[in-house]
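To keep things clear, I will list the structure first and then write my remarks on it.
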Amino acid sequence: MDTISTSSTATGITKENILAAFQYRHATKEFDSSRKISAEDFSLILETGRLSPSSFGFEPWKFVVLQSPEIREKLLPHAWGAQKQLPTASHFVLVLARQPGDMAAGSEYINSIMQDVQNLPTEIAAGKRQVYDTFLKSDFGMEGNERAMFEWGARQTYLSLGNMMTAAAMIGIDSCPIEGFDKAKTEQILAAEGIMNPEHFGLACMVAFGYRTGEPRPKTRRTSDQVVEWV
Ligand SMILES: Cc1cc2nc3c(=O)[nH]c(=O)nc-3n(C[C@H](O)[C@H](O)[C@H](O)COP(=O)(O)O)c2cc1C
C-alpha cells in the first residue's frame with residue numbers, strides 16, 4: 001500500500017486516524033463486563049447505522065438493542081459464536097432485515113417509505129416503483145425466490161453493521177459481528193418474546209459492543225497485491 005500522509009481530509013479527520021481505527025477494531029470475543037458504553041457514545045454508533053446507504057433508499061433494517069440478561073441467556077444455547085459476547089457485552093444489537101413481503105414493489109412498507117420518508121410526489125413515486133419492480137424481477141431476477149429476496153435485504157444491513165463497528169472503533173469502543181447462531185431457533189425465541197414480528201423481519205446478524213479485556217492477537221490479512229487487481 002502507498003504511504004498514507006497525516007494531512008487532514010475535508011472532514012477534518014486525518015487519514016492516519018482513519019487507518020488507526022481500522023487497525024484498532026478487532027472481533028472482540030469477550031468484553032469487560034464492568035464497563036458500560038455511555039448513552040451518548042452508543043447513540044452515535046446507532047446513528048451511523050441509521051445513516052447507512054441502502055438500495056433505492058428503502059432501509060431494509062431494524063436495530064434491536066438487546067439489554068435483557070434473561071433474553072440474552074435464552075439465546076445463548078443457540079448462538080455458538082456469541083458464547084462470551086452475549087453475557088459480557090455492554091450493548092448487544094440484533095440486526096433485523098425486512099422480509100420479502102415488505103420489500104416487494106407496491107408493498108405498504110415501500111409505499112410508506114416513498115411517501116412519508118422520501119416525500120416523493122405521487123407520480124415520481126409511481127415511476128420509482130416501476131423501476132424498482134423491474135430491478136427486482138429482471139435485473140436481479142429475484143421474483144419468487146424468497147430466500148434471495150431476504151438475503152438481498154440482509155446484505156444491505158451489513159453496511160450498517162460495518163459502519164457501526166467502524167464508528168465504534170473510532171471512539172475506542174470494541175465490537176464483534178456475529179453470524180454464529182441457529183437462525184430458525186433464534187428467530188423462534190425472538191418471535192415468542194415479542195421482540196421480532198416474523199411477518200416483517202428476520203434476523204440478519206448480531207453485533208456486540210463493549211470494551212476489550214486484553215490486547216487482541218495481531219491482525220492477519222492477505223496483502224493488498226493478493227486482494228486488489230487493477231485492470
Ligand atoms: C459476517 C461476520 C460474522 C462473524 N461471526 C462471528 C461469530 O459468530 N463469532 C465470532 O466470535 N466472530 C465472528 N466474526 C468475526 C471474524 O471471525 C473476524 O472478523 C475475522 O476473523 C477477522 O478478525 P478481526 O475482525 O479481529 O480483524 C464474524 C465476522 C463477520 C464479518
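Whatever order the structure lists ligands and atoms in, that order sets their numbers, starting from 1.
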Looking only at protein heavy atoms, which one is nearest to [atom], and what is the separation?
{"atom": "atom 5 (N) of ligand 1", "result": "Glu179 N, 3.0 Å"}
{"atom": "atom 8 (O) of ligand 1", "result": "Gly180 N, 2.9 Å"}
{"atom": "atom 27 (O) of ligand 1", "result": "Lys219 NZ, 2.5 Å"}

N or O contact, His26 vs ligand 1, cut-off under 3.5 Å: no
Polar proximity ligand 1 side, Gly81 side, N/O cut 3.5 Å exclusive: yes
Heavy atom of protein inside 4.0 Å of atom 1 (C) of ligand 1, strictly below: yes
Option of least heavy-atom distance to atom 13 (C) of ligand 1 (set: Gly162, Pro177, Ala27): Pro177
Atoms in ligand 1 flagged as close to Lys29, the criterion being non-hydrogen separation under 4.0 Å: 10 (C), 11 (O), 12 (N)
Contacting atoms of ligand 1, where contact means under 4.0 angstrom from a heavy atom of Cys176: 10 (C), 11 (O), 12 (N)
Non-hydrogen side-chain atoms of Lys36 and Tyr211 separated by less than 4.5 Å: no
Tyr158, portion touching ligand 1 at heavy-atom distance under 4.0 Å: side chain
Within reach of ligand 1, part of Arg221 (heavy-atom separation under 4.0 Å): side chain
Test: Arg129 and Asp133 ion pair at under 4.0 Å: no
Modelled atom types, side-chain donor and acceptor of Asn163 and Thr48, under 3.5 Å: no
